[in-house]
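Following: one structure in structure tokens, then a few remarks.
Letters A, B, ... mirror the listed sequences (proteins, then strands); counts begin at 1. What you see is a predicted model; the values in this text were computed from it and never measured. Reckoned from all heavy atoms, side chains included, excluding hydrogens, waters and symmetry mates.
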2 protein chains.
Amino acid sequence: MSTILDVAKLAGVSTATVSRVINSPKTVREKTRTKVTRAMKTCNYKYNALARGFATKQSNTIGLIIPTINNPVFAESTRGVQDYADQQKIQVILGNTYYQNDQEEELVKTLREKQVDGLIITTTNPRGDALKTLLDENFPFVLLYSTVKSGPLSAVGIDNFQGGYRATEHLVKLGHKRIGMVAGNFSKSDRSLHRWHGYRQCLKNHGIDYDKNLLAQTDYSLTGGRDSAKKLVSLQNRPTAIFCSNDYLALGAMKGARELGFNLPKDLSIVGFDDIHIASYVIPELTTIRQPAYEMGNLGAKLLLQRIGGKIKPEQLMLESSLIVRESTTKAPGIPNN
Amino acid sequence: MSTILDVAKLAGVSTATVSRVINSPKTVREKTRTKVTRAMKTCNYKYNALARGFATKQSNTIGLIIPTINNPVFAESTRGVQDYADQQKIQVILGNTYYQNDQEEELVKTLREKQVDGLIITTTNPRGDALKTLLDENFPFVLLYSTVKSGPLSAVGIDNFQGGYRATEHLVKLGHKRIGMVAGNFSKSDRSLHRWHGYRQCLKNHGIDYDKNLLAQTDYSLTGGRDSAKKLVSLQNRPTAIFCSNDYLALGAMKGARELGFNLPKDLSIVGFDDIHIASYVIPELTTIRQPAYEMGNLGAKLLLQRIGGKIKPEQLMLESSLIVRESTTKAPGIPNN
DNA sequence: TTGTAGGCGTTATCAG
DNA sequence: CTGATAACGCCTACAA
């Protein structure tokens with residue numbers, strides 16, 4: 001593998017000049033430039049970005065830490081950060097935590113060793129040591145999906161409380177009184193927790209007693225959603241509607257209910273969260289809270305690169321979420337159809 | 001940021017020794033080792049993997065190039081390679097080509113500049129310059145998903161021809177004569193092309209004339225699947241069954257057919273390809289050809305790391321695919337139910 | 001506009 | 001078991 005030194009010799013110039021034609025072509029006379037370019041060709045020169053990173057202390061690489069790429073909502077935001085990064089000639093290293101805090105800490109460590117310029121994290125534990133350390137050491141990172149409205153850490157997310165509230169409110173307005181919730185484990189996701197707070201608050205505001213039996217916490221999987229839904233609808237005084245803390249769980253929940261012979265949405269209304277692409281491709285089409293995942297990733301990358309670029313002050317971007325009413329929710333049994 | 005030099009000074013040893021306690025702790029006396037370890041703590045030393053990569057010419061990073069992380073099947077294989085890589089302390093840089101060959105070439109270039117030790121590629125163009133160059137320069141890479149049974153390039157995939165054949169055969173056996181195919185553009189995926197070949201061969205073997213009007217090529221998206229299905233079922237002499245070259249398209253196709261008032265599967269049988277997780281969570285549950293995506297990614301990573309590790313000879317791993325019959329396919333109209 | 005030379009943090013070789 | 005020191009490939013003052 002040839003280096004700029006080889007090129008330099010071949011072209012009869014110094015390495016500095018070669019470096020210049022690579023990084024700031026205009027600062028070198030056209031004649032020498034073509035001479036160098038030609039030399040690069042003939043010795044099949046390949047640029048070594050690693051060496052550059054080593055010399056400049058900028059790897060032009062960022063790390064992206066998500067729970068799991070299997071959940072389409074994370075695939076979507078991942079695409080958002082990739083596209084933005086790509087456009088800025090930045091590469092992204094991806095890591096899955098599988099909702100495990102130790103994995104998250106491990107990933108942060110490895111990625112920093114790899115000298116990533118910054119980190120985008122959908123965290124499993126907003127109060128964990130990993131983030132605290134990053135903060136202390138003033139390492140550039142931005143949180144994705146979390147509800148952070150102020151404070152010292154950068155974030156782009158949505159108001160998860162509000163989202164949970166709206167989802168529940170939609171159900172309440174349809175006349176539902178027994179409203180269950182299938183939620184990802186609170187210990188592993190602040191998003192889920194905040195959505196649940198919104199759910200509780202909404203019930204309260206509408207004079208509906210909170211029944212803790214109607215809450216099922218589960219791991220974030222299709223089967224988790226399915227089993228949790230089965231559990232809830234098997235209760236003596238079963239819910240007539242279920243709010244799932246994400247679409248992935250909702251898809252599972254729909255299957256669970258169906259397996260027990262429930263007719264959707266007649267027997268059971270379901271509302272999800274995220275609005276992943278397939279949400280509108282299933283039967284019944286899923287009513288959900290839409291959050292702009294791609295945009296979130298995109299903006300997250302933008303924010304991060306800005307911070308890396310020198311803008312020091314942390315900043316929070318709070319995007320809008322909205323209720324998308326489709327077919328999976330309907331009037332509560334006994335409520336006249338208008 | 002402190003370096004091993006700082007640590008060395010603090011501990012009163014040489015940088016070589018510090019390097020040793022990092023890379024081969026047993027080769028240094030326990031006493032000095034603890035001395036060094038302590039010094040690392042006190043000056044908050046952080047290992048610089050980039051510098052290591054620079055010195056050793058091994059970045060411990062691999063590149064993963066896929067069409068798009070949005071398709072759950074690629075998310076699954078991505079997870080497979082990530083998990084294997086992670087276990088070997090290797091990081092993976094992810095890139096989407098969006099089925100564009102120039103993007104693929106660009107990615108290969110950038111990733112090589114980043115000094116990745118190898119590449120795993122789900123290619124858009126098996127005969128493109130990108131791969132040819134890699135081959136010529138003997139750069140370690142392995143193809144994913146493609147049908148490669150021999151030759152000079154490493155690959156782990158399935159027999160796509162056979163998969164297409166089996167999918168079609170299933171339909172034929174159900175009595176279907178008019179069998180359409182919704183396929184991703186052949187120019188962008190050899191997998192799709194091979195599946196189509198299998199489809200044609202199966203028709204031929206069963207004395208069914210091939211009708212080119214029953215083939216719809218499309219881009220790889222839910223909407224692409226939807227629109228293509230609509231087109232096919234709107235034909236005068238419409239198909240009673242459709243084989244979609246992947247599940248993602250199949251999901252779209254199901255929606256398209258429904259939007260035109262078709263009752264699934266009674267009016268139209270649909271078989272997909274991949275067996276993505278949600279395939280069994282939609283209504284009707286999707287009949288499909290299962291390919292072991294996670295395992296494929298996992299093995300791909302394994303194969304690649306072996307090649308990087310010195311094993312020179314390219315090798316092909318051909319995994320088994322299988323027909324999974326679920327609810328989206330049924331007897332052709334007019335065929336007695338048994 | 002171009003060249004010289006030191007430096008980035010780690011590994012690896014060779015002595016001791 | 002430990003130390004000294006030369007790479008590794010590129011960038012960047014500083015000089016010319």
Side-chain angles (χ1 to χ4, degrees), chain A residues 1-40 43-61 89 91 109-117, chain B residues 1-40 43-61 89 91 109-117:
Chain A
M1 206 86 302
S2 51
T3 74
I4 56 170
L5 184 59
D6 301 316
V7 176
K9 281 178 186 160
L10 202 67
V13 300
S14 74
T15 62
T17 300
V18 178
S19 178
R20 283 187 197 102
V21 341
I22 293 173
N23 296 298
S24 46
K26 333 100 200 171
T27 71
V28 28
R29 206 197 326 162
E30 166 147 16
K31 202 169 150 190
T32 42
R33 198 194 313 152
T34 54
K35 207 167 48 180
V36 169
T37 317
R38 193 162 301 140
M40 296 201 290
C43 67
N44 191 26
Y45 169 71
K46 290 222 166 57
Y47 187 68
N48 185 332
L50 203 69
R52 164 179 231 271
F54 179 53
T56 60
K57 295 165 153 304
Q58 271 241 330
S59 66
N60 291 314
T61 302
K89 307 289 181 202
Q91 277 66 57
K109 180 157 171 272
T110 342
L111 291 176
R112 288 193 67 182
E113 289 186 350
K114 271 270 155 67
Q115 308 302 110
V116 295
D117 298 329
Chain B
M1 205 85 304
S2 52
T3 74
I4 56 170
L5 183 59
D6 300 317
V7 176
K9 281 179 186 159
L10 202 67
V13 301
S14 75
T15 61
T17 300
V18 179
S19 179
R20 283 189 197 100
V21 341
I22 294 173
N23 296 298
S24 46
K26 333 102 201 174
T27 72
V28 27
R29 207 198 324 164
E30 165 145 17
K31 203 168 151 192
T32 41
R33 198 194 316 154
T34 55
K35 207 166 50 176
V36 169
T37 317
R38 194 163 299 139
M40 294 200 292
C43 69
N44 190 27
Y45 169 72
K46 290 221 166 58
Y47 186 67
N48 184 334
L50 204 68
R52 164 179 232 270
F54 179 54
T56 62
K57 296 164 153 304
Q58 269 241 330
S59 66
N60 291 314
T61 303
K89 307 289 182 201
Q91 277 67 56
K109 180 157 172 273
T110 341
L111 292 176
R112 288 193 67 181
E113 289 186 351
K114 272 268 153 70
Q115 308 302 111
V116 295
D117 298 328

Let me have the donor-acceptor pairs involving side chains of residues 14-21 of chain A, under 3.5 Å, with sequence neighbours excluded, atom names and distances please.
unit_1	atom_1	unit_2	atom_2	d
S14(A)	OG	A16(A)	N	3.4
S14(A)	OG	T17(A)	N	3.4
S14(A)	OG	T17(A)	OG1	3.4
S19(A)	OG	N23(A)	ND2	3.4

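- Checked by atom type, the side-chain pair T61(B)/K114(A) shows a donor-acceptor distance below 3.5 Å.
- Under the side chain to side chain contact (heavy atoms under 4.5 Å, CB included) criterion, N48(B) pairs with Q115(A), L50(B), A51(B), not counting sequence neighbours.
- Within residues 4-17 of chain A, the residues approached by DNA chain D to less than 4.0 Å at the level of any non-hydrogen atom are I4(A), A16(A), in residue-number order.
- Looking only at side-chain heavy atoms (C-beta outward), L111(B) and Q91(A) come within less than 4.5 Å of each other.
- For the side chain to side chain donor-acceptor pair (under 3.5 Å) test, residues two or more places apart in sequence or in another chain that qualify with Y47(A) are R52(A).
- Not counting sequence neighbours, the partners of K109(B) by the salt bridge (Lys or Arg N to Asp or Glu O under 4.0 Å) test are E113(B).
- Of the residues in residues 20-40 of chain A, those with a non-hydrogen atom less than 4.0 angstrom from any atom of DNA chain D are R20(A), N23(A).
- If you walk DNA chain C from 5' to 3' and mark each nucleotide with an atom closer than 4.0 Å to a heavy atom of chain A, the marks span dT1(C) to dG9(C).
- Remark on the helix from dT1(C)-dA16(D) to dG16(C)-dC1(D): inter-end axis angle 30°, axes from five-pair C1' superpositions, rounded to 10°.
- Looking at residues two or more places apart in sequence or on another chain, you find a side chain to side chain donor-acceptor pair (under 3.5 Å) between R112(B) and E137(B).
- Of all nucleotides in DNA chain D having an atom under 4.0 Å from a heavy atom of chain A, the first and last in 5' to 3' order are dG9(D) to dA13(D).
- Across all strands shown, S19(A) has heavy atoms under 4.0 Å from base atoms, whether or not it also approaches the sugar-phosphate.
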Can you give each donor-acceptor pair under 3.5 Å made by side-chain atoms of residues 2-10 of chain A, sequence neighbours left out, with the distance rounded to 0.1 Å?
unit_1	atom_1	unit_2	atom_2	d
S2(A)	OG	C43(A)	O	2.9
T3(A)	OG1	L5(A)	N	3.0
D6(A)	OD2	T3(A)	N	2.7

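- In this structure, D117(B) CG and K57(B) NZ are separated by 11.5 Å, a value rounded to the nearest 0.5 Å.
- V36(A) approaches V13(A) most closely through the heavy-atom pair CG2-CG2, 4.0 Å.
- Partners of K35(A) by side chain to side chain donor-acceptor pair (under 3.5 Å), not counting sequence neighbours: none found.
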